[in-house]
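In what follows, a single structure is set out as structure tokens and then discussed.
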Amino acid sequence: MRWLVGWSSASVGAARAGSAGYVGHAAGHDGETVHPVGSQLLWGDPDPLWAVGDWRPDEVRVVKADAQNRIAVLGTCGASDEELRLGLVTARGGALRHLTAWPGSYTAIVQVGRRITVCGDLAGARPVFYTPWAGGTAYATAALPLADLIEASLDFGHLAALLAAPDVPAALHDSTPYDGVRRIPPGHALVLRAGAREIAGYEPVASLAVAAATADPDRAVEAVRDALVEAVRTRLAAPRHVPGTDLDPGPVPGMGPAERRAARGMPVPGIGADLSGGPASGTLALLAAGLPGMPGTVLGHGTGAGERLLAVTFNDLAVGGREAELERAGALAANPRLHHVVVTGGEDVLPYAELDGPLTDEPGPSLVAAARHRVRLAAGSADHFTGYGARQVLDAHPARLADLLMDRQRRHLVRPVAALARADGSVLVPARVYGAARRLARTPYRAGLESLAERLLHRRFDEPGGAAGASLAALAWARPGPAARWLTGEALAEVSVLLQGAVHRAGAGTVQRPGDYRARAALARHAADLRVLEQAAEVRSQRLHAPFLDNQVVRACRALPEALRIQPGARGAILRTVLRGAGISDLPPGWGTPSHASSAAAARTGLRVGVDPLISLFATPLLAEAGLVEARVVRKALRAAAEGAPLPLDGLADLVSLELWLRRLLARRGTCWSGTPARARAVPAGIAPRRGALASG
């Protein structure tokens with residue numbers, strides 16, 4: 001893991017005591033001081049900032065105007081030092097948005113006198129957290145270090161909301177799994193002035209007062225192309241890395257450099273990409289291979305492929321259904337600038353097959369499949385492109401049908417509704433979908449939250465099945481999560497209370513359209529889970545790049561007309577146009593066809609194969625001690641799903657991943673800070689067996 005951490009105190013004197021690290025009182029605990037373990041100081045008193053973890057030298061940049069005016073950028077940023085200096089000058093007046101408009105994926109921190117600004121991203125893949133501490137505010141890009149700093153306990157209300165309503169921002173609000181540690185929303189920045197904090201938004205939100213602006217589809221797609229090309233070019237322009245040279249034990253009889261690297265689990269030097277056969281990964285691989293420069297492995301290392309881009313395809317031998325995608329991946333790999341590697345996996349890499357792994361900053365459903373992804377990524381490059389996020393930023397959430405009705409664009413509903421009717425095989429689908437979209441367009445945000453609170457309180461989780469049923473269920477401001485049906489009544493009541501509080505919170509979500517609101521929430525959840533996956537499946541010295549989640553790419557995709565993105569096959573058509581604009585037109589037949597197989601089949605097969613360890617995991621679960629579930633109910637659901645019962649597998653993944661995360665957190669030793677007493681770490685008291693764990697809310 002890599003993060004940055006710092007703080008801002010109320011006065012210079014207090015700040016100096018804080019930067020020396022006194023925890024709690026001015027004298028501290030036995031006079032001990034604290035600083036982050038494995039950190040490098042970016043700037044010191046009165047408001048210090050550290051970078052923690054295995055940051056590369058080119059990933060940490062600090063540009064100073066003088067001793068009290070400076071900017072730090074951590075991550076992959078395409079801005080030059082002069083552009084950073086100009087950005088710092090502009091930020092002195094309080095402007096924020098330009099700090100997030102450079103190509104790449106990064107976190108920007110600006111210090112102007114005693115004012116500190118920390119910018120989060122639009123997707124939520126690079127979040128910012130904060131907590132009151134030492135008379136001021138401590139902040140970080142990871143929640144666990146702050147939880148260690150204040151010895152935070154678990155926030156059981158947040159954990160209940162993660163299971164009952166994970167796609168509803170109003171239920172989670174700004175909470176984290178750690179009590180007292182808060183998160184700023186995507187599209188916002190944390191502004192600290194001498195310890196006082198403010199959350200400021202830097203991105204305009206679509207208003208209900210006027211119809212959405214009409215955008216030219218061709219220009220909008222061109223903007224997506226330009227943003228994607230610039231995102232890929234920024235990665236290609238970064239220095240090449242040869243990982244693990246300091247860890248190579250030297251010659252081993254019968255093993256060359258590549259074999260030694262593979263034995264250590266180190267990535268191939270240079271740049272590579274996923275090549276699943278889907279449109280998102282294929283677009284990035286072809287763009288990276290086709291742009292000028294040297295996109296591939298470093299000469300003299302690994303495969304010796306020189307300028308050829310390493311393209312990795314995962315072939316699941318345990319579950320079929322992806323033959324067409326693999327065929328398309330093979331056809332794309334015939335490009336002379338691609339070096340194709342196929343990684344195979346059997347039952348040993350199915351979801352749920354490997355329940356051991358590292359502790360991540362937060363829980364996420366991808367924990368159950370982390371070992372599966374690690375096998376693929378271990379064959380990848382030091383800098384590896386992935387297509388994560390393309391579906392969330394390009395596809396239309398079904399609730400966008402209501403947005404079109406609000407803007408009086410009914411004619412654009414014809415094709416998507418007809419496609420649903422063909423998939424469902426019923427002539428009644430158009431009327432049902434149109435009626436649901438019309439109800440949503442006329443339903444206020446508050447009424448939508450009240451309806452969800454009532455559903456949770458009365459345990460109403462039945463939803464229609466099939467493709468049309470899923471779209472009908474999604475035509476709502478909020479809906480229960482797939483794991484909600486297995487929660488205790490007490491946990492559901494707690495989440496219902498949280499939602500009722502959100503109803504009365506001033507201005508919460510009232511200025512957004514339902515489709516735009518639901519799409520942003522889905523993107524934020526996907527980005528958060530990708531962050532968990534990146535930590536759980538981490539390969540030493542490797543960087544995963546998800547250009548579709550870059551700020552500029554997200555902005556360009558949000559500018560796409562809704563009438564364009566809701567059409568069947570829109571994502572493939574948009575990416576095909578992007579490639580054509582970049583000079584790539586020779587694509588295999590069927591490219592861009594959405595896949596309906598693989599992940600669900602792999603999850604069900606993995607559940608069937610690994611049901612016994614899962615039953616053992618829930619023999620005495622921590623979730624039951626926390627009052628969130630009853631162990632007997634979960635064990636019954638796991639057995640039924642393993643036997644083929646039509647239960648929501650996503651909900652079981654949520655339950656299993658949260659239980660795994662809790663066990664790893666409580667089994668953890670040590671802390672993110674040095675010089676602290678041994679008890680200064682998160683959740684020092686563990687989980688006390690009780691039924692009233694949620695009563696504190």
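Quantities reported herein were computed from a predicted structural model and do not represent experimental measurements.
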Salt bridge check, [Y] against [X]: does any charged N sit closer than 4.0 Å to a carboxylate O?
| X | Y | answer |
| --- | --- | --- |
| Arg85 | Glu82 | yes |
| Arg183 | Glu362 | yes |
| Asp516 | Arg520 | yes |
| Asp167 | Arg479 | no |
| Glu222 | Arg219 | no |

Next item on the list: Compute the ring centroids of Trp50 and Trp3, then answer whether they are less than 6.0 Å apart.
Entry: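 Ring-ring flag for Trp50/Trp3: false, centres at least 6.0 Å apart.
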
Note to self: Using the side chain to side chain donor-acceptor pair (under 3.5 Å) definition, which of the options Gln542, His545, Arg543 pairs with Asp383?
What the structure shows: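 Going through Gln542, His545, Arg543 one by one, the side chain to side chain donor-acceptor pair (under 3.5 Å) with Asp383 is satisfied by His545 alone.
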
Taking the side chain as everything from C-beta on, heavy atoms only, tell me whether [X] gets closer than 4.5 Å to [Y].
| X | Y | answer |
| --- | --- | --- |
| Glu562 | Gln409 | no |
| Val495 | Leu163 | no |
| Glu230 | Thr234 | yes |

Check: Is the number of heavy atoms from other residues, nucleotides or ligands under 6.0 Å of Arg92 CZ greater than 12?
Finding: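 Yes - once you tally the heavy atoms of other residues, nucleotides and ligands closer than 6.0 Å, there are more than 12.
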
Where [X] and [Y] come nearest, the two heavy atoms and their spacing:
| X | Y | result |
| --- | --- | --- |
| Val52 | Pro36 | CG2-CB, 3.7 Å |
| Ala142 | Asp361 | CA-OD2, 3.5 Å |
| Leu492 | Ala164 | CD2-CB, 4.1 Å |

What pairs of donor and acceptor atoms, side-chain ones from residues 185-201 against any protein atom, are under 3.5 angstrom apart with sequence neighbours left out?
{"unit_1": "His188", "atom_1": "ND1", "unit_2": "Pro186", "atom_2": "O", "d": "3.1"}
{"unit_1": "Arg193", "atom_1": "NH1", "unit_2": "Glu198", "atom_2": "OE1", "d": "2.9"}
{"unit_1": "Arg197", "atom_1": "NH1", "unit_2": "Thr137", "atom_2": "OG1", "d": "3.0"}

Item checked: Whether Tyr445 and Tyr517 hold their rings parallel, tilted or perpendicular, with breakpoints at 30° and 60° ->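 Plane angle over 60°, so perpendicular.
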
Margin query: Parallel, tilted or perpendicular, judged at 30° and 60°: which one describes the rings of Trp102 and Tyr106?
Written below: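 Because their plane-to-plane angle lies in the 30° to 60° range, the rings of Trp102 and Tyr106 count as tilted.
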
Checklist line | Under 3.5 Å side-chain donor-acceptor pair for Arg235 and Thr76 | finding: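 Their side chains do not contain a donor-acceptor pair, so the 3.5 Å distance test is not met.
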
